There are 2 protein chains.
Amino acid sequence: MSHRGAINEESIQVLDHPMGQADGVDFEIIELLFFAYRDFISDPDAILDTSGFGRAHHRVVHFVNREPGLTVAALLDTLKITKQSLARVLKQLIDSGYIVQIAGPEDRRQRRLFPTVRGRDLALALARPQSCRIANAMEGLNESGRAAVKTFLSGMINSANRSGAADQSDAKEGQDR
Amino acid sequence: MSHRGAINEESIQVLDHPMGQADGVDFEIIELLFFAYRDFISDPDAILDTSGFGRAHHRVVHFVNREPGLTVAALLDTLKITKQSLARVLKQLIDSGYIVQIAGPEDRRQRRLFPTVRGRDLALALARPQSCRIANAMEGLNESGRAAVKTFLSGMINSANRSGAADQSDAKEGQDR
DNA sequence: AATTTATGTCAACATAGCTGACATATTCGA
DNA sequence: TCGAATATGTCAGCTATGTTGACATAAATT
């Protein structure tokens with residue numbers, strides 16, 4: 001099967017050289033991100049296996065604890081999932097006493113979400129191992145290195161997201177999604 | 001509803017203050033990672049929607065292209081999924097002409113996986129927008145900043161993984177997983 | 001009063017994980 | 001040489017989490 005570039009079997013062109021930097025793509029960071037996130041998420045996953053919840057519950061508990069009183073609409077916007085997807089896990093979290101809903105004081109159509117003590121405890125328990133992993137990974141870095149990491153991660157995020165400022169791109173559409 | 005710490009409704013303790021740094025956890029980076037990865041993965045997702053494949057196919061095509069000739073076992077180890085999960089997507093990729101299997105030259109039980117030109121093209125098309133996003137996020141950083149990002153991401157990965165060195169922890173067990 | 005908004009809910013479906021069980025071909029060790 | 005171990009494939013069924021579409025209700029808005 002020859003020297004380099006291609007083998008031939010049943011008239012299909014088969015490549016035997018690795019895709020790499022020569023292709024003008026930064027595969028190193030792509031893979032680092034893949035593995036880093038996979039392992040980063042595995043910490044809380046292990047805890048969740050015990051409690052009968054999943055990643056979807058994790059996200060909900062996290063953001064409700066980070067911003068008590070947020071509305072269902074705000075949560076949907078943060079998670080970028082449909083209300084039907086959210087409904088399933090949210091219902092379980094409410095039924096199990098991790099989160100409560102309280103009608104909005106101004107707009108009583110809203111269901112503002114608050115964590116219970118139980119919900120707070122869960123959110124913290126899930127966050128702790130992740131925080132440790134991060135602290136560990138930051139260990140060798142000085143202040144400017146740590147700042148670089150934050151700058152990088154922030155730069156990876158679609159600017160339309162994060163930090164308030166609802167984008168008005170779909171003010172109509174009844175945003176059922 | 002009071003000053004600070006807790007509301008009370010139906011005798012459940014409800015918290016209305018945000019979970020934050022006071023809890024001794026680095027929520028900032030936790031969330032940056034969440035959003036960064038979500039958006040990072042959305043680029044190839046958009047392309048995949050067109051082609052009828054999903055994230056699972058993406059990963060397989062990626063690693064086969066990065067290491068042509070890898071065995072099914074090696075791929076399973078990288079992806080950390082079961083062979084049954086892999087089988088589904090791998091079969092589709094083979095049937096569609098993106099990947100071919102060739103019996104191992106030494107050990108003929110092995111099915112070594114190689115990309116076709118078509119598979120290479122797909123892998124590159126998927127990697128390109130991610131690489132651009134990364135380049136963009138790295139834009140403002142100097143060399144030491146970029147190095148810090150790599151150090152950080154590497155530090156996030158379980159040392160047991162990556163870079164050869166099979167861990168011998170489960171040499172028995174028939175590793176069906 | 002009519003419409004819009006915020007939310008909930010039912011039903012059906014897709015993707016991508018999982019477990020368990022079993023089949024086949026090949027290699028390896030006694 | 002034969003039996004065990006290995007590499008892989010495959011069938012069947014389950015779970016988690018996403019999707020669409022349709023419709024219901026209460027409250028706010030015009």
Side-chain angles (χ1 to χ4, degrees), chain A residues 38 41-42 44-46 48-49 51-61 69-95 99-113 166 170-177, chain B residues 38 41-42 44-46 48-49 51-61 69-95 99-113 166 170-177:
Chain A
R38 186 193 62 184
I41 213 62
S42 75
D45 274 359
L48 291 162
D49 278 349
S51 68
F53 289 141
R55 288 182 191 181
H57 303 85
H58 180 186
R59 291 175 201 135
V60 172
V61 166
L70 50 39
T71 63
V72 170
L75 184 53
L76 287 176
D77 194 60
T78 297
L79 298 176
K80 299 258 193 291
I81 59 175
T82 60
K83 63 177 176 179
Q84 295 91 332
S85 288
L86 175 60
R88 213 152 29 194
V89 295
L90 184 54
K91 192 174 195 314
Q92 294 175 300
L93 287 168
I94 291 169
D95 291 348
I99 290 178
V100 298
Q101 290 181 309
I102 297 177
E106 320 244 303
D107 186 337
R108 294 185 35 219
R109 289 172 302 182
Q110 296 175 340
R111 297 301 136 113
R112 291 182 172 269
L113 306 172
D170 42 15
K172 50 191 174 188
E173 287 287 323
Q175 66 247 49
D176 197 8
R177 55 188 59 186
Chain B
R38 187 191 62 183
I41 213 63
S42 75
D45 274 359
L48 291 162
D49 278 349
S51 69
F53 289 140
R55 286 184 192 179
H57 303 85
H58 180 186
R59 290 176 201 135
V60 172
V61 166
L70 50 39
T71 64
V72 170
L75 184 53
L76 287 175
D77 194 59
T78 297
L79 298 176
K80 300 259 192 289
I81 60 174
T82 59
K83 62 178 176 180
Q84 296 91 332
S85 290
L86 174 60
R88 215 152 30 192
V89 296
L90 185 52
K91 192 173 196 312
Q92 295 175 300
L93 288 168
I94 291 169
D95 291 348
I99 290 178
V100 298
Q101 291 181 309
I102 297 177
E106 321 244 303
D107 186 336
R108 294 186 34 220
R109 289 172 303 183
Q110 297 175 340
R111 297 298 137 112
R112 292 182 171 268
L113 306 172
D170 42 15
K172 52 190 173 189
E173 288 287 324
Q175 67 247 46
D176 197 8
R177 56 185 60 182

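Computed from a predicted model, the values in this text were never measured in an experiment. Below, chains carry the letters A, B, ... as their sequence lines are ordered, and counting in each starts from 1.
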Which nucleotide sits closest to the side chain of [X]: [options]?
X: B/R111; options: D/dT8, C/dG8, D/dT17; answer: D/dT8
X: A/Q110; options: D/dA7, C/dT7, D/dT10; answer: C/dT7
X: A/Q84; options: D/dT8, D/dT20, C/dT7; answer: D/dT20
X: B/I81; options: D/dG9, D/dT10, C/dC18; answer: C/dC18

Could you tell me the separation between the CG atom of B/L93 and the CD1 atom of B/I99, rounded to the nearest 0.5 Å?
-> 4.5 Å
Of all heavy-atom pairs between B/I41 and B/R38, which one has the smallest distance, and what is that distance?
-> CG2-O, 3.3 Å
Taking all heavy atoms of A/R112 and all of A/G69, pick out the closest pair and write down the distance.
-> NH1-O, 2.7 Å
Scan A/R59 against the nucleic acid and name what it touches under 4.0 Å (heavy atoms): base, sugar-phosphate only, or nothing.
-> sugar-phosphate
Could you list the protein-to-nucleotides 27-30 of chain C atom pairs, N/O on both sides, closer than 3.5 Å?
from	atom 1	to	atom 2	distance (Å)
C/dT27	OP1	B/R108	N	3.0

Can you find an N or O donor on one side and an acceptor on the other, under 3.5 Å apart, linking the side chain of B/Q101 with the base of D/dG9?
-> no
With sequence neighbours left out, what residues match A/D95 under salt bridge (charged side-chain N to carboxylate O under 4.0 Å, His left out)?
-> A/K91
Rounded to the nearest angstrom, tell me the gap between atom [atom1] in [X] and atom [atom2] in [N].
X: B/F53; N: C/dA14; atom1: CZ; atom2: P; answer: 17 Å
X: B/Q92; N: C/dA14; atom1: CD; atom2: C1'; answer: 12 Å
X: A/L79; N: C/dT7; atom1: CG; atom2: P; answer: 13 Å
X: A/H58; N: D/dT17; atom1: NE2; atom2: C1'; answer: 16 Å
X: A/R88; N: C/dT7; atom1: CZ; atom2: P; answer: 19 Å
X: B/D49; N: C/dA14; atom1: CG; atom2: C1'; answer: 12 Å
X: A/K83; N: C/dC10; atom1: NZ; atom2: P; answer: 13 Å
X: B/L76; N: D/dG9; atom1: CG; atom2: P; answer: 9 Å

Hey, are the side chains of A/Q101 and A/I94 touching, using non-hydrogen atoms and a 4.5 Å cut-off?
-> yes
Got B/V60 and B/L113 here, is their nearest side-chain heavy-atom distance under 4.5 Å?
-> no
So, is [X] close to the [N] phosphate, meaning a side-chain N or O under 4.0 Å from OP1 or OP2?
X: B/S85; N: C/dC18; result: yes
X: A/T82; N: D/dG18; result: no
X: A/H57; N: D/dT17; result: yes
X: B/R55; N: C/dA14; result: no

Name all residues meeting the side chain to side chain contact (heavy atoms under 4.5 Å, CB included) criterion together with B/A74; count only those two or more places apart in sequence or in a different chain, and write none if there are none.
-> B/L70, B/T71
So among A/L79, A/I81, A/L86, A/V89, which one has a side chain to side chain contact (heavy atoms under 4.5 Å, CB included) with A/R59?
-> A/L79
